[in-house]
**Student:** 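What follows is a single structure, and I will ask about it in a moment.
Numbering of ligands and ligand atoms starts at 1, following listing order.
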Amino acid sequence: MIILGIESSCDETAVAIYEGDLDTGQGRLISEQIASQIETHAKFGGVVPEVASREHLMALPPMVDALLSEASLNWSDIDHIAVTAGPGLLGALLVGTSYARAVGMVNDIPVLPIHHMEGHLLAPGLSDDLPEFPFITLLVSGGHTLLVQVKAIGQYEVIGQTLDDAAGECFDKSARLLGLPYPGGPEIALMAEGGNARRFKLPRPMLNRDNLDFSFSGLKTAVMYAVKNAGGLSAMNETDQRDMAACIEAAACEVLVKKSIRACLQKDAPRLVIAGGVAANQHLRSLLADLAEANGIEVHMPHPRHCTDNAAMIAYAAFQQINNGLPCSEAWDARPRWSLSNLNEPG
Ligand code: KG4
Ligand code: ZN
């Protein structure tokens, strides 16, 4: 079975072809393309929704044509089209879903609406077998910070989430305070290399509360005051900036990792997945690997390339749904807001 995946929920236009075998449940990624709009949005310090929609509209059709010809495939070879239907920016989602519906109708191919975060959550399966169910997933992206108990494909219970900013958003906003461009996560990670992570005292919000929720807006505010106390950005030299970046990375990652371990222990789940853009962070990955091992928890992480937005994860999630015989609703629409716990609620 050949699935064309399409992702356009935010600032990456991505397409991919995944081939899955329903007899074995195994598959492989045949080809993928990602066109980032980062350069366009960096000028504005964040994603401008209207600009994102326009760029998706220009990029998507030629990308799909190029992908098909690179894989030597015709439309008649495609069995399903999987498209991100939400959550995300409405205009950006509408470009992907309208295009998918149009080419699906013309070529008589069924279209499956996929939840963007389900794509992230299942992404470790692109490079390895998925862990045995049940497991806990930490989903950390620009818009979401979720702890999810995964009971089976399609059965996701959100057991913890951020009360304000997402972890990626905290990286992005803190980077801005350090004069670094958007997206801030990779910039902070780069700046943090060799920095002293103990120099500035930054809070670990919610760490001592006995729940599984997060809060990151206080951390961003603490960074703002730390920059002020250091005499402002203009008074900070490169060492100051490196130390500050290392402190931000250490604070955010410590909270994410310790709460994830707590979730595994509370739910008696010995397997943990991390996914989403922030899961590309090397400090987060190594801290998690260390603490998980110390607690007897097995960790699964997607390749860093498949942590940030991509269409391979969308095609793969569709394959998993089909392989597990999950029903697909005919009546669906792009959904900017969509809870992972209610995948089948009508849009
Ligand atoms: O999943 P994603 O690509 O898009 C959304 O669905 O939001 O996540 C993007 C977020 C951004 O906030 C970006 O700063 C963050 O992931 N990010 C990182 C790293 N790479 C991307 N944060 C920390 N370290 C990284 N290496
Ligand atoms: Zn994402």
Side-chain angles (χ1 to χ4, degrees), residues 5-14 16 34-38 41-42 45-47 49 52 56 84-89 92-93 96 114-124 137-146 148 162 165-178 180-193 195 214 216-217 219-220 223 245-257 273-288 301-314 316-317 336-338 340:
I6 297 173
E7 157 63 39
S8 71
S9 64
C10 189
D11 58 350
E12 324 276 355
T13 316
I34 302 175
S36 173
Q37 304 177 1
I38 282 172
H41 298 291
V47 179
H56 285 307
T84 302
L89 302 169
L93 291 167
I114 301 295
H115 192 294
H116 179 80
M117 300 312 287
E118 183 181 32
H120 276 305
L121 191 153
L122 297 175
T137 297
L138 170 69
L139 280 174
V140 265
S141 69
H144 294 83
T145 302
L146 301 173
V148 183
T162 182
D165 291 354
E169 193 178 354
C170 174
F171 273 112
D172 295 339
K173 289 178 174 169
S174 300
R176 215 170 164 173
L177 293 168
L178 285 182
L180 300 172
Y182 173 86
E187 297 288 336
I188 293 227
L190 204 64
M191 185 58 93
E193 279 174 20
F214 302 91
F216 286 105
S217 77
L219 177 53
K220 167 205 65 194
V223 173
C247 290
I248 296 166
E249 186 177 58
C253 293
E254 184 180 336
V255 177
L256 291 171
V257 167
V273 163
I274 60 163
V278 180
N281 184 279
Q282 289 302 333
H283 177 67
L284 178 69
R285 293 168 83 96
S286 64
L287 186 64
L288 189 73
M301 323 183 194
H303 187 282
R305 173 182 174 78
H306 289 133
C307 285
T308 44
D309 287 350
N310 65 87
M313 66 184 193
I314 301 303
Y316 179 72
R337 292 176 164 275
W338 186 5
L340 193 56

**Student:** Is the backbone of L93 close enough, under 3.5 Å, to the side chain of S9 for a donor and an acceptor to pair up by distance?
**Tutor:**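 Checking the backbone N and O of L93 against the side chain of S9, no donor-acceptor pair under 3.5 Å is found.
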**Student:** Using side-chain heavy atoms (C-beta onward) and a distance below 4.5 Å, is V278 in contact with S141?
**Tutor:**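 Heavy-atom side-chain distance check fails, nothing below 4.5 Å.
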**Student:** Got the closest protein heavy atom to atom 24 (N) of ligand 1, with its distance?
**Tutor:** N281 ND2, 3.0 Å
**Student:** For C10, is the nearest heavy atom under 4.0 Å from an atom of ligand 1?
**Tutor:**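 No heavy atom of C10 comes that close to ligand 1.
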**Student:** Tell me whether the Zn ion (ligand 2) has H120 as a neighbour, meaning an N, O or S atom of it below 2.8 Å.
**Tutor:** yes
**Student:** Checking one value in my table: which N/O/S atom of D309 lies closest to the Zn ion (ligand 2)?
**Tutor:**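 Sorting the N, O and S atoms of D309 by distance to the Zn ion (ligand 2) puts OD1 first.
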**Student:** Considering only the protein, which heavy-atom contact is closest to atom 18 (C) of ligand 1, and what is its distance?
**Tutor:** G185 CA, 3.6 Å
**Student:** Within the distance-only criterion (no hydrogens, no angle test), does the side chain of E187 pair as donor or acceptor with the backbone N or O of G184 below 3.5 angstrom?
**Tutor:**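 Such a contact is absent between E187 side chain and G184 backbone.
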**Student:** Between S141, A192, A166, P183, flag the one that comes closest to atom 5 (C) of ligand 1 by a heavy atom.
**Tutor:** S141
**Student:** List ligand 1 atoms under 4.0 Å from G143, heavy atoms only on the residue side.
**Tutor:**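 Matching atoms, with element in brackets: 7 (O).
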**Student:** Taking the side chain from H115 and the backbone from M117, do they hold a donor-acceptor pair closer than 3.5 Å?
**Tutor:**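 Side chain of H115 to backbone of M117, a donor-acceptor pair under 3.5 Å: yes, one is there.
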**Student:** Where's the contact between T308 and ligand 1, heavy-atom distance under 4.0 Å: side chain, backbone, both or neither?
**Tutor:** both
**Student:** Does any N or O atom in G168 lie less than 3.5 angstrom from one in ligand 1, N or O only?
**Tutor:**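 N/O-N/O distance below 3.5 Å exists for this pair.
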**Student:** Please classify the H120 to ligand 1 contact at 4.0 Å (heavy-atom distances, strictly less than): side chain, backbone, both or neither.
**Tutor:** side chain
**Student:** Looking only at protein heavy atoms, which one is nearest to atom 21 (C) of ligand 1, and how far off is it?
**Tutor:** G277 O, 3.4 Å
**Student:** side-chain contact (heavy atoms from CB on, under 4.5 Å) for K220 and D165? Distances and angles first, verdict last.
**Tutor:** CA-CA 9 Å; K220 167 205 65 194; D165 291 354; 3.4 Å; yes
**Student:** Considering only non-hydrogen protein atoms, determine which one is nearest to atom 10 (C) of ligand 1 and report residue, atom name and distance to 0.1 Å.
**Tutor:**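 Closest protein heavy atom to atom 10 (C) of ligand 1: G142 N, 3.5 Å.
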**Student:** Are more than 12 heavy atoms, taken from residues, nucleotides or ligands other than R176, located less than 6.0 Å from that residue's CZ atom?
**Tutor:**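 No.
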**Student:** Could you tell me if the side chain of H120 sits less than 4.5 Å from the side chain of H144, heavy atoms only?
**Tutor:**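 No. Closest side-chain heavy atoms not under 4.5 Å.
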**Student:** Provide the number and element of each atom of ligand 1 under 4.0 Å from a heavy atom of H116.
**Tutor:** 6 (O)
**Student:** Are any side-chain N or O atoms of Q37 and backbone N or O atoms of A52, one a donor and one an acceptor, separated by less than 3.5 Å?
**Tutor:** yes
**Student:** Hey, is the main chain of L121 close enough, under 3.5 Å, to the side chain of T137 for a donor-acceptor pair?
**Tutor:**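 No, the answer is negative, given that no donor and acceptor are paired below the 3.5 Å cut-off.
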**Student:** Give me the residue, atom name and distance of the protein heavy atom closest to atom 11 (C) of ligand 1.
**Tutor:** D172 OD2, 3.7 Å
**Student:** How far is atom 15 (C) of ligand 1 from the closest protein heavy atom, and which atom is that?
**Tutor:** V278 CG2, 3.9 Å
**Student:** With a cut-off of 2.8 Å, does any N, O or S atom of H116 fall short of it relative to the Zn ion (ligand 2)?
**Tutor:** yes
**Student:** Would you tell me whether Y182 and D11 have side-chain atoms, one donor and one acceptor, within less than 3.5 Å of each other?
**Tutor:** yes
**Student:** For the residue pair E12 / N310, report whether a side-chain donor-acceptor contact shorter than 3.5 Å exists.
**Tutor:**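 No, E12 and N310 have no side-chain donor paired with an acceptor closer than 3.5 Å.
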**Student:** Checking a contact table here: which protein heavy atom is nearest atom 2 (P) of ligand 1, and how many Å away?
**Tutor:** D309 OD1, 3.3 Å
